[in-house]
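In what follows, residues are counted from 1 in the order of the sequence shown.
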Amino acid sequence: MTVTLADVAARAQVSPATVSRVLNGNYPVAASTRERVLRAVDELDYVLNGPASALAAATSDLVGILVNDIADPFFGIMASAIQSEIGGPGGRAGGERLAVTCNTGGSPERELTYLTLLQRQRAAAVVLTGGAVEDAPHAAAVAAKLRKLGEAGTRVVLCGRPAVPDTSAIALTFDNRGGGRELTEHLIGLGHRRLGYIAGPEERTTTRHRLEGHRAALADAGIEEDPRWTVHGPYDRRAGYEATLELLRRDPSLTAVVAANDSVALGACAALRDSGLRIPDDVSVAGFDDLPFSIDAVPALTTVRLPLAEAGARAGRIAMGREEPPPGGIAVIRGELMVRGSTGGPRG
């Protein structure tokens, strides 16, 4: 049975006129009402009637790029590289593609909302960047969205994100476990045995994978991890600063701090300096990602370089059909250890 505008209105408990305003985007509607309408559209799998339905099997010139935080260089670099491959002729009638960056703010709800909107707009391609949220209901909802997009002819590429089984999405995933392991092995090789770890948000796949790599390196070296040595927090400088102070409070004898990413590592460096400790003479610090500012830190930051721009550009080419997907639809992209001045042998 065909779903109508009235069906959506009834499900969302609003008037048909309100549904029309939300879908057309030409009239102010309260955020809560808008979310309710979009949720009803998604649940009922509503497709616009009229001319839009005649184009149901076609795609538009729109390309969506989903990021957690466009102000974070990790996402900004990838989004810029993706967009550089999207620009230029290739749309309908040889026209330009329109790339739209969708900033989720790390919200699972916003991620689903953007996927719904892109589905409604018949996006030619969608690229999702960064780690996924480890929540079973949300993962199932995202998988369902990606299947619907694929069935409608939209190319879906995951850049720096784990593969989603039973979908047509192409995955270019970073080897976060391997990078985390190599980084900690480097510190252990320098003689460190008491290593604090500042992890990212617990619900993120990136957090878990990097932490698993760190712990695997400790286990291989016969180092028993003290529960006090790990603190979770956001992927930002402030979290790194506060977490480092907490680690020093828990165990002042730590000789190294491994950070979830480079922004967190900068906060860790600031906290150590404010505590009267020298880097790396008293405490070594390591980050992850090799963001542009890392080499300009004082001392320059030891980190794992992820080829963010290269991965983003590749994702853009695959999304535009200008590069063949990797065999099996999955490519694992490994990082490179960059040893710099922020790490050295432990004191004493």
The complete set of ring pair (Phe, Tyr, Trp, His ring centres under 6.0 Å) pairs with one or both residues in residues 201-229, sequence neighbours excluded, reads Tyr197-His214
Looking at residues at least two apart in the chain, or sitting in another chain, which of them share a side-chain hydrogen bond (donor to acceptor under 3.5 Å, both in side chains) with Glu43? Arg11
Please tabulate, for side-chain N and O atoms in residues 307-319, each donor-acceptor pair with protein atoms closer than 3.5 Å (sequence neighbours left out).
{"unit_1": "Glu310", "atom_1": "OE2", "unit_2": "Arg305", "atom_2": "NH2", "d": "3.1"}
{"unit_1": "Arg314", "atom_1": "NE", "unit_2": "Glu323", "atom_2": "OE2", "d": "3.1"}
{"unit_1": "Arg317", "atom_1": "NE", "unit_2": "Glu323", "atom_2": "OE1", "d": "2.7"}
{"unit_1": "Arg317", "atom_1": "NH2", "unit_2": "Glu323", "atom_2": "OE1", "d": "3.1"}

Got more than 12 heavy atoms from elsewhere within 6.0 Å of CZ, Arg228? yes
Table please: side-chain donor-acceptor pairs of residues 162-170 below 3.5 Å, with sequence neighbours left out.
{"unit_1": "Thr167", "atom_1": "OG1", "unit_2": "Val164", "atom_2": "O", "d": "2.8"}
{"unit_1": "Thr167", "atom_1": "OG1", "unit_2": "Ala169", "atom_2": "N", "d": "3.3"}

Quick one: do the Thr343 and His186 side chains pair a donor with an acceptor below 3.5 Å? yes
Contact summary for Thr129 and Leu66, nearest pair of heavy atoms: OG1-O, 2.7 Å
Ring pair (Phe, Tyr, Trp, His ring centres under 6.0 Å) against Phe75, all qualifying residues, sequence neighbours excluded: none
Test side-chain contact (heavy atoms from CB on, under 4.5 Å) on Tyr241 and Asp274; report intermediate values, then the result. CA-CA 10 Å; Tyr241 187 95; Asp274 289 351; 2.7 Å; yes
Are the side chain of Thr116 and the backbone N or O of Leu112 linked by a donor-acceptor pair below 3.5 Å? yes
Any non-hydrogen side-chain atom of Leu247 less than 4.5 Å from a side-chain atom of Ile198? yes
Return each pair, listed once, that meets side-chain hydrogen bond (donor to acceptor under 3.5 Å, both in side chains) where at least one residue sits in residues 255-271; pairs must be two or more places apart or across chains. His192-Thr255, Asp262-Ser294, Asp262-Thr303
Count I, L, V, M, F, W, Y as connected when their side-chain heavy atoms are under 4.5 Å apart, and connections chain through other members. Are Ile330 and Leu172 then in the same cluster? no
Please report the shortest heavy-atom distance between Leu187 and Ala286, naming the atom on each side. CD1-CB, 4.3 Å
Taking the side chain from Arg194 and the backbone from Leu254, do they hold a donor-acceptor pair closer than 3.5 Å? no
Sidechain-backbone polar pair: Thr113 side chain, Glu109 backbone, donor-acceptor under 3.5 Å: yes
Evaluate whether atom CD of Glu225 has more than 12 neighbouring non-hydrogen atoms of other residues, nucleotides or ligands under 6.0 angstrom away. yes
Looking only at non-hydrogen atoms, find the nearest pair between Leu183 and Phe288 and report the distance. CD2-CD1, 4.4 Å
Check whether Ile295 and Ile77 end up in the same hydrophobic cluster, where Ile, Leu, Val, Met, Phe, Trp and Tyr are linked by side-chain heavy atoms less than 4.5 Å apart. no
Close side-chain approach of Arg210 to Val258, heavy-atom, < 4.5 Å: no
